[in-house]
Amino acid sequence: MKVLTLLIIAPLTLLAYQPNVLFILVDDLGAMDLTNEGSTFYETPNIDRIANEGMKFLRGYATCQVCSPSRASILTGKYPTNHGITQYIGGPSGEAHRKKGRFDSHLPPEYERNLRASEITLAEAMRDAGYKTFFAGKWHLGSKGSWPTDHGFDINKGGWDVGGPRGGFFSPYNNPNLENGPKGESLTIRLGQETANFIESQKNSNQPFLAYLSYYTVHAPIQTTESLYKKYRAKAKKMGLDKVKERYLFDRRLNVRQTQDNPVYAGMMEQLDQSVGIVLQKLDELGIADNTIICFTSDNGGVSSGDAYATSNLPLRGGKGRQWEGGIREPYYLKAPGVSQAGSTTDILASGIDWYPTLLELCGIKLPKAQKVDGVSLVPALKKQNMPDRPLYWHYPHYGNQGGEPSSIIMQGDWKLIHYLESGRDELYHLGKDLSEQNDLADKHPQKAKEMRTQLDKWLKQTKATFPTPDPLFDTKKRDARWEHMKTSFKEGMEQKAARYFDDNFVPNKTWWGSTKD
């Protein structure tokens, strides 16, 4: 165990008590997947409640377009270039990438495969300041020896090596750190109940807690119950969504889903919301909601390409694994009783690196001197005070399973520059006027592009970023042939599969809680 020297601020300058913290992290949740964000198909009243009772960050971002890097950033306060996990753990690097069969032009670099023991995580900082720490759900930050209990969590329910539910979303789970429930029990509901049980166990304790609820849902495989599937199939038909003839559009390298209409995914969303409701209800029941900070976010964009092709992020372009807003912009809600105002919003840039310093300040804990963080505290924003402008950065020198290209990004206000690591070209967008990133302004504003690129290059050098290298076996014809197949015959097959969900006789398998991949 690391021995940390932390200074507790006394008396607390923000709150009259040392608050509990509930941190809710959803896997692959899109920025447009919630009712309060504009979805008319999915139903999320409990999650919407968090947004309505706290502050909604209209420009909240993950630090990467895939999961492990973003998750490490939340726990360390660092950009992926600084904590070293730049790819989802398990993704191939070097020549092993060729086994993906995508015929890409470059070989991605190596990366850290375990969260470094030297990192002082958010959980460690809070535990050593007197908090009881609890983790439930997806970890995906290393193998045995680098699990939640190795990084500051007293209790771990279900966190281990893998990034998806090895046994699916219904018991038996095939998870070494989570006992099976009755056959067919929902993993999503179970994780919410485990979190509620932990909170209940703390009711007679004077010790504040950190409950970190990290869902496996809504990651593939997309699965739900028969009753929820039928509910949303009927809703889709009532909305006329079953009549859509073309649900996918080919964009650069893969087809991208254009509609939110998948009844199985909608059922997953409802179970997610029900699970969140279980935890919120427990806080209310125990009378500690006004003494509990609640955070809600996602680790990357919704899966509109690759994997299960499950949702649409429109008007945002792209999704998980991709360099556009659909891949990195997230729901980002923070309820801090006594600090934030219910129903308040802000358009300041907020990033996954900011959770760490923000929560420590709200809890009256000094940042550990040995942990150099890249994020800033968002407490001034919560109090509706001005905050200095700053750029945000991204660096993903890998290929996303969802069609993402190796790239680096800098964002300054409404300006966003994407630098592509294969070709060296730049794209420049003004998000205030072009949220869907359809109009590349690099040629129209060359000076702005040059200034932002210079600043991006400086940051990449300072953080010792790694880069992909050209593959000597690269064959342009093979890559182009694959893309042509994806946009023609493969797309046709996808359209047929998507339409089958609306068939009254659709049955995914013998049990309904087995694999149901789009």
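Aromatic pair Trp459/Tyr79: ring centres closer than 6.0 Å. In summary, the aromatic rings of Trp355 and Tyr332 are positioned with their centroids under 6.0 Å apart. Taking the centre of each ring, Phe134 and Tyr212 stay at or above the 6.0 Å mark. Aromatic rings of His151 and Phe135 (six-membered ring for Trp) have centroids beyond the 6.0 Å cut-off, not under it.
Looking at heavy atoms from C-beta onward, Tyr216 lies out of side-chain contact with Thr188 at the 4.5 angstrom threshold. Proximity of Glu437 to Ile418: side-chain heavy atoms (C-beta onward) are separated by under 4.5 Å at one or more points.
For the residue pair Glu124 / Gln371, no side-chain donor-acceptor distance below 3.5 Å is found, with atom types taken as modelled. Side-chain polar atoms of Thr35 and Thr44 form a donor-acceptor pair below 3.5 angstrom.
Each of Thr76, Asn82, Thr463 was compared with Asp374 under the side-chain hydrogen bond (donor to acceptor under 3.5 Å, both in side chains) criterion, and only Asn82 meets it. Looking at Leu359, Thr346, Asp354 one by one, the single match for side chain to side chain contact (heavy atoms under 4.5 Å, CB included) with Leu378 turns out to be Asp354.
Here ring-ring contact (aromatic ring centres under 6.0 Å, His included) pairs that include residues 263-293, with residues two or more places apart or in two chains, are Tyr42-Tyr265.
For Lys458, the NZ atom counts as loosely surrounded, since its 6.0 Å shell holds 12 or fewer non-hydrogen atoms of other residues, nucleotides or ligands.
Ring planes of Trp394 and Tyr61: perpendicular class, angle over 60° (limits at 30 and 60°).
Residues meeting the side chain to side chain donor-acceptor pair (under 3.5 Å) test with Thr217, sequence neighbours left out: none.
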